[in-house]
Protein chains: 2
Amino acid sequence: MTTAARRPATLDDVARAAGVSRSTASRVLAGNGFASPTARERVRTAVNLLGYVPNPAARALVHGSGVRLLIAVAGTGPAVLDDPYVDQAVAAVARACAPHGLGVAVQWVPLGEPERLTRLTDDRGVAGLVLLNTTPALLDLVPRRLAGRAVSIGIGSATVPSVDIDNGGGTTAIVRHLYDTGRRRIAMVTGPRWLACANRSVRAYRALVHEAGLPAREVVGDFSATRGYAAAREVLRRWPDTDAIVGISDATALGVIGRLRADGVRVPDDVAVTGFDDIPLAVTVALTTASHPVRQIITAAATMVLEQRTAPETTVFPSTLVVRGSA
Amino acid sequence: MTTAARRPATLDDVARAAGVSRSTASRVLAGNGFASPTARERVRTAVNLLGYVPNPAARALVHGSGVRLLIAVAGTGPAVLDDPYVDQAVAAVARACAPHGLGVAVQWVPLGEPERLTRLTDDRGVAGLVLLNTTPALLDLVPRRLAGRAVSIGIGSATVPSVDIDNGGGTTAIVRHLYDTGRRRIAMVTGPRWLACANRSVRAYRALVHEAGLPAREVVGDFSATRGYAAAREVLRRWPDTDAIVGISDATALGVIGRLRADGVRVPDDVAVTGFDDIPLAVTVALTTASHPVRQIITAAATMVLEQRTAPETTVFPSTLVVRGSA
DNA sequence: CTGAAAGCGCTAACAC
DNA sequence: GTGTTAGCGCTTTCAG
């Protein structure tokens with residue numbers, strides 16, 4: 001480590017050290033363009049010696065490409081950003097971005113004013129866009145500039161490809177499992193109504209209970225454990241003979257279980273409870289749920305925009321039923 | 001919204017629309033420098049009209065300041081990044097960065113090769129550094145260039161200020177509560193040994209049990225629920241008469257409870273269990289824990305580096321005992 | 001108080 | 001193959 005406390009090297013330093021011109025050095029680093037093996041070699045050496053790392057700001061400036069991915073999360077209030085699911089998404093995207101020299105920012109977009117998205121994307125620092133909990137209105141507002149550099153997690157559109165979970169299939173498997181194990185009064189704690197992907201779960205639930213001639217019992221939730229905690233009581237108050245509760249998310253289910261146990265209701269003996277996603281904590285409470293590789297899904301989405309891979313309109317990840325103790 | 005699908009406005013556009021020179025426009029936006037009220041006004045109008053947002057890459061280039069904050073997480077393997085605590089940290093920092101036009105990246109730094117940090121910070125795209133789970137060796141490697149733009153969450157050093165939780169105090173309160181409620185065989189599922197801030201909790205635990213003439217019973221954990229799940233069984237195998245288990249984190253405690261319940265051990269009747277942090281899920285399982293505004297703490301750290309506030313060497317956030325059902 | 005001019009570090013034509 | 005040149009959008013002396 002003879003490298004003194006110098007300022008980080010620039011391309012000029014590298015070129016000088018290698019005895020070539022800046023352009024040649026640039027070409028070698030870009031990989032494309034021509035360069036003699038000798039030049040290539042000498043530049044490589046200089047780079048290592050100097051510990052050269054390209055300045056992403058300069059690169060972004062000349063390419064007009066931006067320096068960070070924006071994760072735009074739609075919702076009724078800034079509190080949507082408090083969701084651990086969002087945390088996970090941000091972290092996963094940040095991880096995918098790091099090797100590309102890009103950063104991540106998250107911002108909330110109010111459901112009522114989708115135009116706010118435009119203000120966010122007008123920032124040329126934005127190199128790409130990841131939409132979370134999106135609505136069709138929002139999808140339509142993605143600017144041309146970001147064509148091919150935007151992706152939605154959930155529903156997509158003709159111009160914005162999406163990466164999604166088979167919510168319907170997952171929920172169907174869960175409800176069917178409940179039915180097959182003898183449950184006949186199956187309630188559901190849903191997600192917010194405006195959220196398209198959550199609604200697919202709700203619709204699957206409705207279709208199934210309807211088909212089986214069972215009553216549909218729905219309480220609106222918001223994915224959170226806290227809401228699940230409250231919703232459980234509401235379910236049992238409205239329909240005391242309920243024998244199963246389907247949670248729209250694992251957190252919801254964990255909240256439901258917490259409340260039931262606190263109220264002396266046995267799980268799964270009296271009431272079966274299911275979740276959705278299979279978060280790490282699920283195993284510790286033996287939660288029956290549907291498993292999805294959320295991290296991978298988000299990484300896939302981030303990679304799509306980072307590598308500009310022309311993606312199919314929709315990539316659907318499967319949902320796998322995981323039967324544990326709670327149902 | 002007459003704004004056509006144009007390319008985002010540049011400072012030149014603003015200057016032209018305002019009928020002033022680029023420099024004047026720049027001065028007005030910077031806030032400092034001279035500018036007549038008239039000029040100021042006209043530039044403001046133009047900015048709003050055009051929806052102008054400065055290009056952060058250009059700005060970073062001229063200032064040599066970087067375009068993203070780096071969150072460096074020390075650990076034995078890349079799996080440290082899978083921790084929900086890290087997720088939360090990344091998301092909180094990303095949130096704080098967004099209004100500043102900065103992004104966030106996360107990278108893992110192997111415990112054995114702290115020099116890897118240097119390679120990361122040599123990237124001029126790095127505007128600031130947030131250290132997580134850091135070690136003294138790592139702290140010493142923070143380059144001069146980042147002086148005043150680095151902060152550690154946990155232990156700090158003379159050159160790197162830190163934002164920290166009063167782990168010792170929190171743990172003391174927890175163990176004392178356990179003792180006061182009659183527990184005399186108190187075990188602890190610790191964090192990894194190399195982690196200084198977790199060790200403060202362990203030391204507090206040891207001091208207290210020692211002082212009370214109780215045996216110290218420690219099983220090494222890693223903050224995860226999964227590890228807590230396994231550790232619970234180990235504790236009861238080694239010391240069957242244990243009547244309380246202190247978890248180094250809420251996730252650990254949740255894992256412990258899961259395992260105990262699965263094994264027919266009653267919580268808190270047979271064994272009391274406590275956590276640390278007070279994550280949202282804690283309330284749903286009635287976990288007794290110590291509460292810390294983690295999000296706020298991380299936001300405070302991020303703000304320190306974003307606003308270059310000359311910070312005291314260490315800012316300690318208090319820990320508050322929250323007694324719920326589990327102990 | 002304001003404008004002209006010189007770069008920040010890098011890339012991409014375009015000559016040599 | 002390689003060097004020269006002209007910017008990307010912005011800030012900041014330095015003259016007016």
Contacts of Val62(B) and Ala30(A) projected onto DNA chain C by closest heavy atom; the upstream (5') one is Val62(B)

Classify the nucleic acid contact of Ser26(B) as base, sugar-phosphate or nothing, counting any heavy atom under 4.0 Å across all strands shown.
base

Any N or O donor-acceptor pair linking the side chain of Arg40(A) to the base of dG1(D) at under 3.5 Å?
no

Here the distance between atom C1' of dC10(C) and atom CG of Asp12(A), to the nearest Å, is 9 Å

Within the structure, does a side-chain N or O atom of Thr10(A) lie under 4.0 Å from either OP1 or OP2 of dG9(C)?
no

Grab the CG-P distance between Asn55(A) and dG7(C) for me, whole Å please.
18 Å

Looking at the side chain of Ser36(A), which of dA4(C), dG1(D), dG9(C) is the nearest nucleotide?
dG1(D)

Report the nucleotide, chosen from dG3(D), dC8(D), dG3(C), that has the shortest atom-to-atom distance to any side-chain atom of Leu61(A).
dC8(D)

Between the side chains of Arg95(B) and Asp82(A), is the shortest nitrogen-to-carboxylate-oxygen separation below 4.0 Å, so that they form an ion pair?
yes

When you check the side-chain N and O atoms of Thr24(B) and Ser21(B), is any donor under 3.5 Å from an acceptor?
yes

Within the 4.5 Å heavy-atom criterion, are Leu131(A) and Val151(A) side-chain neighbours or not?
no

Could you give the CG-to-C1' distance, from Leu11(B) to dT12(D), as a whole number of Å?
13 Å

Would you say Ser152(A) and Leu139(A) make side-chain contact, with heavy atoms under 4.5 Å?
yes

Hey, can you pull the residues of residues 13-23 of chain A with a non-hydrogen atom under 4.0 angstrom from DNA chain D?
Val20(A), Ser21(A), Arg22(A), Ser23(A)

Between Asp13(B) and Arg16(B) (salt bridge meaning N to carboxylate O under 4.0 Å), is one present in this structure?
yes

Measure from the side-chain heavy atoms of Arg27(A) and tell me the nearest of dC10(D), dT2(D), dA4(C).
dT2(D)

Comparing His63(A) with Ala58(B), nearest DNA chain C nucleotide closer to 5' gives the residue Ala58(B)

OP1 or OP2 of dT2(C) less than 4.0 angstrom from a side-chain nitrogen or oxygen of Thr24(B), does that happen here?
no

Under 4.0 Å between any heavy atoms, over every strand shown, what does Ala39(A) touch: base, sugar-phosphate, or nothing? Just pick one.
sugar-phosphate

In plain terms, say whether Glu113(A) and Arg116(A) are close enough for a salt bridge, that is, a side-chain N and a carboxylate O under 4.0 Å apart.
yes

Which whole-number value in Å describes the distance from Asp123(B) CG to dC10(C) C1'?
14 Å

Arg68(B) vs Leu102(A) side-chain heavy atoms within contact, under 4.5 Å:
no

Find the distance Arg124(B):CZ to dC8(C):P and express it as a whole number of Å.
11 Å

